[in-house]
Amino acid sequence: MDLPPFPKPSSLEEALRLQEALAKRVRLEGSLEGVKLLAALDASHKRGKPLVAVAVLYHLERGPLFVGQGLVPEEALFPYVPGFLSFREAPAYLQALKALPEAPEALLLDGQGIAHPRGLGIASHLGVHLDLPSVGVAKSLLYGRLERPLPQEAGSAVRLLSPEGCPLGYAYRSRTGVRPLYVSPGHRVGLEEALAFVKGLPTRFRLPEPLRLAHLEAGKALKALD
DNA sequence: GCGACAG
DNA sequence: ATCTTGTCGC
């Protein structure tokens with residue numbers, strides 16, 4: 001697939017300016033209905049080792065098809081700063097995507113989409129960068145608040161609102177007895193459509209299966225480094 | 001000043 | 001993300 005370079009900002013101020021510029025390009029229109037081929041992305045890291053990213057090419061009817069991998073040496077990594085995760089992980093994701101035999105129709109990211117202080121979580125950033133539809137599924141909240149308490153029942157969802165009251169995504173209970181997931185559109189998909197897409201993914205445990213596989217593969221790949 | 005803070 | 005033991009529960 002087509003992979004524009006992902007420059008590393010030399011400062012947080014530069015990264016901030018970049019986010020503000022790119023956030024203007026995010027589009028929240030579109031449905032993922034009919035999408036069959038997606039790439040689920042996750043990363044694993046341990047100090048002293050490279051950051052490992054994996055892209056699981058996943059077909060909604062055939063299951064996992066391929067696992068692409070990307071490595072970035074620790075010395076080359078942007079530091080982890082809440083709100084700037086994409087500058088740290090996205091370069092590795094681009095490598096992992098490059099290793100796929102076929103381009104996905106959409107991306108599924110471990111992190112926020114527009115539920116971000118500047119509207120550019122990692123799912124939005126990568127979506128805009130590659131001009132691909134993308135959805136963020138985060139395991140904890142970065143920005144925003146729940147409109148009301150989330151019911152315990154599996155499948156329930158409650159809107160995630162900005163401090164000003166604008167909808168950013170959903171808290172979503174994927175299974176009974178698990179902590180919520182935070183689903184927000186990344187790029188080229190609407191709020192409700194992003195949730196509908198995630199709800200349509202096979203989910204045996206807390207995480208949708210494609211992301212769970214990516215998580216497992218990333219952990220495996222990290223261990224296999226030594 | 002205090003609290004919050006994806007991975 | 002990782003560091004970490006046992007422990008509660010299906």
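Quick caveat, the model's predicted, so the values are computed rather than measured. Only heavy atoms go into these numbers, but all of them, side chains included; no hydrogens, no water, no symmetry mates.
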Inset, instruction - Select base, sugar-phosphate, or nothing to describe what H215(A) touches, counting heavy atoms under 4.0 Å on all strands. - result: sugar-phosphate
Legend entry - Donor-acceptor pair, side chain of K8(A) and main chain of A76(A), under 3.5 angstrom: yes
About how many Å separate [atom2] of [Y] and [atom1] of [X], when rounded to the nearest 0.5 Å?
{"X": "L12(A)", "Y": "R17(A)", "atom1": "CG", "atom2": "CZ", "value": "10.5 Å"}
{"X": "S134(A)", "Y": "L38(A)", "atom1": "OG", "atom2": "CG", "value": "12.0 Å"}
{"X": "E74(A)", "Y": "L51(A)", "atom1": "CD", "atom2": "CG", "value": "9.0 Å"}
{"X": "Y172(A)", "Y": "L150(A)", "atom1": "OH", "atom2": "CG", "value": "10.5 Å"}
{"X": "L213(A)", "Y": "L57(A)", "atom1": "CG", "atom2": "CG", "value": "12.0 Å"}

Inset, instruction - Could you name each residue pair satisfying side-chain hydrogen bond (donor to acceptor under 3.5 Å, both in side chains) that touches residues 76-90 of chain A, not counting sequence neighbours? - result: S86(A)-H125(A), E89(A)-Y93(A)
Inset, instruction - Considering only heavy atoms of chain A and a distance under 4.0 Å, specify the first and last nucleotide of DNA chain B in 5' to 3' order that meet this criterion. - result: dC5(B) to dG7(B)
Where do [X] and [Y] come nearest, in terms of heavy atoms and distance?
{"X": "A96(A)", "Y": "A53(A)", "result": "CB-O, 3.9 Å"}
{"X": "S174(A)", "Y": "T203(A)", "result": "CB-CG2, 4.1 Å"}
{"X": "A39(A)", "Y": "L100(A)", "result": "CB-CD1, 4.2 Å"}
{"X": "V128(A)", "Y": "R25(A)", "result": "CG1-NE, 3.8 Å"}
{"X": "L94(A)", "Y": "P4(A)", "result": "CD1-O, 4.0 Å"}
{"X": "L32(A)", "Y": "P133(A)", "result": "CD2-CB, 3.6 Å"}

Pair up each side-chain donor or acceptor in residues 217-226 of chain A with any protein partner under 3.5 Å, not counting sequence neighbours, and list the distances.
from, atom 1, to, atom 2, distance (Å)
E217(A), OE2, K220(A), NZ, 3.1
D226(A), OD2, K49(A), NZ, 2.8

Counting only non-hydrogen atoms, which of [range] are less than 4.0 Å from DNA chain B?
{"range": "residues 137-152 of chain A", "value": "A138(A), K139(A), S140(A), L141(A), L142(A)"}
{"range": "residues 40-52 of chain A", "value": "D42(A)"}
{"range": "residues 66-95 of chain A", "value": "Y80(A), P82(A), G83(A), F84(A), L85(A), E89(A)"}

Legend entry - Dot-bracket encoding of pairs in DNA chain B, which uses [ ] for pseudoknotted crossings and | for another strand, Watson-Crick or G-U under 3.5 angstrom: .......
Legend entry - Base-paired stems that DNA chain C participates in, counting runs of 3 or more Watson-Crick or G-U pairs under 3.5 Å: none
Please tabulate, for the side chains in residues 188-196 of chain A, all donor-acceptor contacts under 3.5 angstrom to protein atoms that are two or more places apart in sequence or on a different chain.
from, atom 1, to, atom 2, distance (Å)
R188(A), NH1, D131(A), O, 2.5
R188(A), NH1, D131(A), OD1, 3.2

Inset, instruction - Decide whether L107(A) and F87(A) are clustered together by the hydrophobic rule: side chain heavy atoms of Ile, Leu, Val, Met, Phe, Trp, Tyr closer than 4.5 Å, transitively. - result: yes
Inset, instruction - Check every nucleotide of DNA chain C for an atom under 4.0 Å from a heavy-atom of chain A, then give the first and the last such nucleotide from 5' to 3'. - result: dA1(C) to dC3(C)
Mind listing the side-chain donor-acceptor pairs of residues 109-121 of chain A below 3.5 Å, one per line with the distance, residues two or more places apart or on another chain?
from, atom 1, to, atom 2, distance (Å)
D110(A), OD1, K139(A), NZ, 2.9
D110(A), OD2, K139(A), NZ, 3.2
Q112(A), NE2, S140(A), O, 2.9
H116(A), ND1, R118(A), N, 3.0
H116(A), ND1, G119(A), N, 3.4
H116(A), ND1, L120(A), N, 3.2
H116(A), NE2, G83(A), O, 2.8
R118(A), NE, Q19(A), OE1, 2.5
R118(A), NH2, Q19(A), OE1, 3.0
R118(A), NH2, G83(A), O, 3.4

Taking distance alone, no hydrogens or angles, what donor-acceptor pairs closer than 3.5 Å link side-chain atoms of residues 151-163 of chain A to residues at least two apart or in another chain?
from, atom 1, to, atom 2, distance (Å)
S156(A), OG, P151(A), O, 3.0
S156(A), OG, E153(A), O, 2.7
R159(A), NE, E147(A), OE1, 3.3
R159(A), NH2, E147(A), OE2, 3.0
S162(A), OG, E164(A), N, 3.2
S162(A), OG, E164(A), OE1, 3.1
S162(A), OG, G165(A), N, 3.3
S162(A), OG, C166(A), N, 3.0

Legend entry - Verdict with supporting geometry, R204(A) and E209(A), salt bridge (Lys or Arg N to Asp or Glu O under 4.0 Å): CA-CA 7 Å; R204(A) 298 163 56 183; E209(A) 210 58 12; 3.3 Å; yes
